[in-house]
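Along the sequence shown, residues carry numbers from 1.
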Amino acid sequence: MLTLADVSKSYATRTLFSDVSLFIARSDRYGLVGHNGAGKTTLFNLILGKDAPDEGTIEWERGADFGYLPQESAPVGEETILEIATSGKKLLPDSDEDYDIDYSLEPRAKKILAGLGFREEDHLRLAKSFSGGWVMRAHIARLLVSEPALLLLDEPTNHLDLEALLWFQEYLTQYPGGLVVISHDRAFLNMLCTGILELRAGTLHRYTGNYDDYLVEKEARKGQQASAFKNQQRQIAHLQKFVDRFGAKASMASRAKSKEKQIERLEKVAVDEPEDDLKRIYFKFAKTPRSGLKVVTLEHVQQAYGDHVVYRDLNFEAERGQSIVLVGPNGAGKSTFLKILADVVPIQAGTRELGSNVVPGYFAQNRAENLRADATVLQNVMDLHTEENRLSEQNVRAILGAFLFRKDDVYKKVSVLSGGEKSRLALARLLVNPPNLLLMDEPTTHLDIASIDALVTALKGYEGTFIFISHDVYFIRALAKNVLHVHSGRLTAYAGDYDYYLEKSRATNARAALTAGFVDARPAHNNTMANSMPGGLGKDVSKDEERARKTKLKQLRIEVGHLEEKVSQLEAQQNELTTALEAPETYTQPGKPQHLNRELSHVVDQLQTATHEWEKAAATLAELEKAG
């Protein structure tokens, strides 16, 4: 379908890549990876014909078409969401003789828009009334509706919440065409790709399998290359030793000359020494001031947006050194909860109290919230200068250099930075006055995989309290020691890591469980009951009292039995609904996930009430039995 032969591209004195050759068939599904700036988007632009290669050729099979999703959306005009999704094609005939209408186009577009999170009332709204992320979703719908032979997707997951991402991922597994996707999302690449293309050091390396397979094969190749390099260097050194020793002797001159030619031939075909992997960010958090044991406390907090109540009577407490991930359905209030902790939004009732010596730091999901768009990279960090930190331009340049802002890069305006560069700048600002309460909302968005690894390494050495939201399961598993499930204004804490949460919540899909609406609401049964009933019960009770006690015991046993049965039934319903929410086919039915989440919320409420009643009756029963 597409052939690249010996393609090279340079800008000024910098060669992005050279001698790139690649054949893409209709069934191929490639992930294109490499550090930021390696030339991935440039390679896409050459394939699309937006730019021309310096050398080499790019040829399409006759009749093959492609669909392209860029990282950022172009400005929109007066078109509606449905018009974008249907590529502006006519949906209704103008006259009886107007036969060129595809009547399947509109229902197909509406089904795909629903899967990507659009409501039916959104379809006829002007696209310019939506945020850039939602406009990008409409363009994703446009590509899926038109079904080109090859999809070229540049960071598509950046614009999707997890529910839409799971639907999109499942849809692509059934997509009839080819796929080349630039992504930093490991789970996405693992699910979809049968091959990985890595742009590294100006060369395109091809690997078979998904992203995990690529990592294994890359290490194996690196080992083989290192071994071959050592053997060749050993052979060259041995030959050079002969030349150095006998080159000046007339009797050995011809043999020494022959050895020199051998060295030249070996150097021409020599294997390069393995690179220690490209430029990548590296940093670590400075030692933070030690806070008190209680870091932040919320009591009886209420928060609403208009008529929509997010939290009512919210209570929470975090202790020093905890690392907590927030999970739960989209719209449950996770980002609002983080903003309340960060004091970014004022609470409407209740109290928020920081502990002794606590210094909070907030990393917003929208990086621009904490950055001045009209200022340079350097100015955005210099803004943090205080008498205490005595920040100098030299200090700032050293910090920015660790985040790959070097030389004239520091004079770039924030408004022209890529998403990845804004994320790196926001991280750099955190290092100036390191907080001991770190609150991060989707910190891995826009970061390449090498940068995500660097962030994980830095956070593993972080000594403060860390509370975060992420849909990157790899990132969560690496860092979370506790899980806090947010749903319907309630918090359910899991005193273990993410795998413990999956086990206790009985989830079968690690990624879907991030937004599932279930709650493991039934607390562990407390076998320690009250020592005695009010007034006490002795052995010398009267026969009437004994008969009354036995009657009460019988009634309580029946009641406890009924309540246990009710709890079991509700738990079974909860498991059924949870399983349905984890099933990929659920997300192909418009409105089905929302309906299931509402039903699950109702079941959870009933389960909590029934569990409370069961525990209360069981406690009373245990006391009566103990007294007897």
Side-chain angles (χ1 to χ4, degrees), residues 14 16-17 30-44 71 154-158 180-190 193 195-207 209-223 225-226 272-285 363 367 377 398-406 409 417-428 430-431 440 442-462 468 470-479:
R14 185 189 172 205
L16 274 180
F17 43 78
Y30 284 118
L32 180 57
V33 302
H35 69 83
N36 287 335
K40 301 186 295 295
T41 300
T42 299
L43 185 60
F44 264 19
Q71 273 194 42
D154 195 347
E155 291 291 357
T157 63
N158 285 347
V180 182
V181 56
I182 298 172
S183 179
H184 303 141
D185 188 324
R186 298 165 201 248
F188 190 73
L189 294 172
N190 276 333
C193 296
I196 298 293
L197 305 170
E198 182 191 24
L199 268 175
R200 173 163 45 92
T203 302
L204 188 70
H205 303 266
R206 184 179 178 278
Y207 298 82
N210 64 17
Y211 188 79
D212 285 345
D213 298 327
Y214 146 75
L215 290 177
V216 172
E217 190 180 344
K218 182 179 177 181
E219 274 308 302
R221 288 190 194 180
K222 198 172 177 181
Q225 185 181 350
D272 292 330
E273 183 176 9
E275 291 185 71
D276 237 357
D277 259 350
L278 326 159
K279 61 178 185 178
R280 61 172 68 197
I281 68 171
Y282 174 77
F283 70 101
K284 60 182 180 180
F285 288 95
F363 189 84
R367 310 297 184 243
V377 169
I399 292 171
L400 289 171
F403 290 89
L404 308 184
F405 293 106
R406 292 164 185 162
D409 289 342
L417 297 182
S418 68
E421 287 172 322
K422 286 174 185 172
S423 289
R424 286 190 270 122
L425 178 55
L427 284 171
L430 282 177
L431 293 193
M440 305 187 90
E442 296 289 1
T444 63
T445 302
H446 295 298
L447 291 179
D448 61 27
I449 291 172
S451 297
I452 292 171
D453 285 336
L455 179 58
V456 167
T457 300
L459 286 168
K460 280 183 174 178
Y462 177 65
F468 67 102
S470 178
H471 67 245
D472 186 329
V473 174
Y474 164 81
F475 186 80
I476 292 169
R477 279 193 160 123
L479 296 167

Which pair of heavy atoms, one from [X] and one from [Y], lies closest together, and at what distance?
X: Cys193; Y: Gly31; value: SG-N, 3.4 Å
X: Ile476; Y: Ser470; value: CD1-O, 3.4 Å
X: Asp154; Y: Phe44; value: N-CE2, 4.1 Å

Inset, instruction - Kindly compute the distance separating CG (Leu215) from CD (Glu198), expressed to the nearest 0.5 Å. - result: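 Separation between the atoms: 9.5 Å.
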[Y] and [X], any side-chain heavy atoms less than 4.5 Å apart:
X: Asp185; Y: His471; value: yes
X: Leu431; Y: Phe285; value: yes
X: Tyr462; Y: Leu479; value: no

Legend entry - Member of Asp472, Asp213, Asp453 meeting the salt bridge (Lys or Arg N to Asp or Glu O under 4.0 Å) criterion with Arg186: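 The passing option is Asp453.
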Legend entry - Asn190 side chain vs Asp212 backbone, donor-acceptor pair below 3.5 Å: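 Such a contact is found between Asn190 side chain and Asp212 backbone.
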Inset, instruction - Mind checking salt bridge (charged side-chain N to carboxylate O under 4.0 Å, His left out) for Arg221 and listing every partner two or more places apart, or none if nothing turns up? - result: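 With sequence neighbours excluded, Arg221 shows a salt bridge (charged side-chain N to carboxylate O under 4.0 Å, His left out) to Glu217, given in chain and number order.
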Inset, instruction - Pick out which of Leu189, Leu197, Leu199 makes a side chain to side chain contact (heavy atoms under 4.5 Å, CB included) with Val33. - result: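 Among Leu189, Leu197, Leu199, the one meeting side chain to side chain contact (heavy atoms under 4.5 Å, CB included) with Val33 is Leu189.
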Inset, instruction - With sequence neighbours excluded, tell me which residues meet side-chain contact (heavy atoms from CB on, under 4.5 Å) with Arg477. - result: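 Partners of Arg477 by the side-chain contact (heavy atoms from CB on, under 4.5 Å) criterion, ordered by chain and then number, come out as Val473, Tyr498, Asp499, Leu502, Ala510.
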